[in-house]
Amino acid sequence: MKKILITGGAGFLGSHLCDRFIEENYKVIAIDNLSTGSVKNIEHLNKKSNFEFYEHDVTKFIHVVGNLDYILHFASPASPIDYLKMPIQTMKVGSLGTLNCLGLAKEKKARILIASTSEVYGDPLVHPQTEEYWGNVNPIGPRGVYDEAKRFQEALTMAYRNYHQLETRIVRIFNTFGPRMRLNDGRVLPAFIGQALKGKPLTAFGDGNQTRSFTYVDDLIEGIFRLLHSEYANPVNIGNPQEVTINEFAQEILQLTRSSSSITYQTLPIDDPKQRKPDISLAKKLLDWQPQFSRAQGLKITIESFKPELIPKK
Ligand code: UDP
């Protein structure tokens with residue numbers, strides 16, 4: 001049985017990764033400091049004999065008994081309001097946390113995959129974003145704590161690869177959604193769904209003409225699974241290239257939730273990227289991967305998953 005360590009294992013993406021690797025019959029060790037993750041996301045795995053969870057902060061030394069085949073480093077606050085609330089922790093988990101994970105991978109001769117992000121492209125001047133693009137990040141703006149931590153993480157990972165010949169993989173994740181996102185994490189998708197189902201106005205930021213491209217979580221997990229088992233060490237974009245403006249997205253949510261809420265406009269956050277869409281030619285070629293879920297299919301599943309929390313039973 002292959003053994004895998006998943007940091008951020010109680011988070012949104014981490015918990016879906018735990019599910020996938022348990023299903024594939026790996027021995028899964030999840031660690032999480034529960035700053036944004038929740039044990040609720042993994043409680044269904046407690047009865048599995050091949051699953052273990054430890055509450056631990058990866059910015060502190062990580063000790064794992066015995067061998068380890070793989071590490072997935074997914075610990076980090078990841079929504080703008082979370083990393084604005086925890087700027088130093090965000091920088092520490094991307095730097096010290098990554099250092100600890102890479103050191104552990106070296107010690108155990110394990111292959112490590114690092115969760116990077118489309119935020120390394122900042123407010124992109126190249127559209128759609130290819131992996132060759134170096135990005136347009138403001139290091140001292142409010143988003144800089146996340147963007148620069150992730151850029152540092154990529155550089156550190158490549159240094160370990162080049163200097164220690166470590167087996168490394170880097171996935172650049174674009175906006176992903178699905179069940180287990182926190183309704184109050186401040187991101188547009190849970191915000192709009194929550195507002196629509198409660199009959200409150202949808203809060204679009206700026207003029208709503210900025211774009212994003214939303215990936216359903218199962219597609220992302222499949223891409224990560226394939227990348228981990230591939231032989232490619234440079235960063236790979238995983239995301240759904242179906243691009244949409246925030247205004248169009250608001251209309252789509254209203255329609256799918258059958259809500260008659262209005263849309264209100266609020267100030268655009270500083271350095272909010274104006275457009276974002278992945279070029280996924282590399283993932284197609286290398287991994288034979290492309291999204292299988294349309295945005296509407298993913299949204300229907302996600303809306304249903306939020307309903308019990310939003311519409312309590314009488
Ligand atoms: N956004 C919005 N209303 C909200 C939350 C976010 O219009 O209540 C906008 C935000 O300004 C951004 C887009 O939606 O342009 C996506 O924001 P999110 O925080 O989900 O992700 P990110 O900016 O990291 O892509």
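Counting starts at 1 for both ligands and their atoms, in listed order. Scope of the values below: all heavy atoms of this structure, side chains included, with no hydrogens, waters or symmetry mates.
Between I112 and L102, the closest side-chain pair of non-hydrogen atoms falls below 4.5 Å.
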**Prompt:** Could you walk me through whether Y265 and F205 pass the ring pair (Phe, Tyr, Trp, His ring centres under 6.0 Å) check?
**Reply:** CA-CA 6 Å; Y265 289 87; F205 296 164; over 10 Å; no

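Residues F61 and H56 place their aromatic rings such that the two centres sit no closer than 6.0 Å.
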Pairs under 3.5 Å, nitrogen or oxygen of ligand 1 with protein nitrogen or oxygen:
from: ligand 1; atom 1: 3 (N); to: T203; atom 2: O; distance (Å): 2.5
from: ligand 1; atom 1: 7 (O); to: F205; atom 2: N; distance (Å): 2.7
from: ligand 1; atom 1: 8 (O); to: T203; atom 2: O; distance (Å): 3.2
from: ligand 1; atom 1: 8 (O); to: T203; atom 2: OG1; distance (Å): 3.0
from: ligand 1; atom 1: 11 (O); to: D272; atom 2: OD2; distance (Å): 2.6
from: ligand 1; atom 1: 15 (O); to: Q210; atom 2: NE2; distance (Å): 3.0
from: ligand 1; atom 1: 15 (O); to: R212; atom 2: NH2; distance (Å): 3.3
from: ligand 1; atom 1: 15 (O); to: D272; atom 2: OD1; distance (Å): 2.6
from: ligand 1; atom 1: 15 (O); to: D272; atom 2: OD2; distance (Å): 3.4
from: ligand 1; atom 1: 20 (O); to: V188; atom 2: N; distance (Å): 2.8
from: ligand 1; atom 1: 21 (O); to: N175; atom 2: ND2; distance (Å): 3.4
from: ligand 1; atom 1: 23 (O); to: R143; atom 2: NH2; distance (Å): 3.0
from: ligand 1; atom 1: 23 (O); to: R212; atom 2: NH2; distance (Å): 3.1
from: ligand 1; atom 1: 24 (O); to: R143; atom 2: NH2; distance (Å): 3.1
from: ligand 1; atom 1: 25 (O); to: N175; atom 2: ND2; distance (Å): 2.9
from: ligand 1; atom 1: 25 (O); to: R212; atom 2: NE; distance (Å): 2.7
from: ligand 1; atom 1: 25 (O); to: R276; atom 2: NH1; distance (Å): 2.7

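Under the ring pair (Phe, Tyr, Trp, His ring centres under 6.0 Å) criterion, Y216 pairs with F177, F293, sequence neighbours left out.
Other members of the cluster containing M86 do not exist, because no ILVMFWY side chain is joined to it at under 4.5 Å.
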Side-chain polar contacts of residues 8-22 - donor-acceptor pairs under 3.5 angstrom, sequence neighbours left out - could you list them?
from: S15; atom 1: OG; to: G11; atom 2: O; distance (Å): 2.8
from: S15; atom 1: OG; to: F12; atom 2: O; distance (Å): 3.1
from: S15; atom 1: OG; to: R180; atom 2: NH1; distance (Å): 2.9
from: H16; atom 1: NE2; to: P179; atom 2: O; distance (Å): 2.9
from: D19; atom 1: OD1; to: H44; atom 2: NE2; distance (Å): 2.8
from: D19; atom 1: OD2; to: R180; atom 2: NH1; distance (Å): 3.1
from: D19; atom 1: OD2; to: R180; atom 2: NH2; distance (Å): 2.8
from: R20; atom 1: NE; to: E24; atom 2: OE2; distance (Å): 2.9
from: R20; atom 1: NH1; to: E222; atom 2: OE1; distance (Å): 2.7
from: R20; atom 1: NH2; to: E24; atom 2: OE2; distance (Å): 3.2
from: R20; atom 1: NH2; to: E222; atom 2: OE1; distance (Å): 3.1

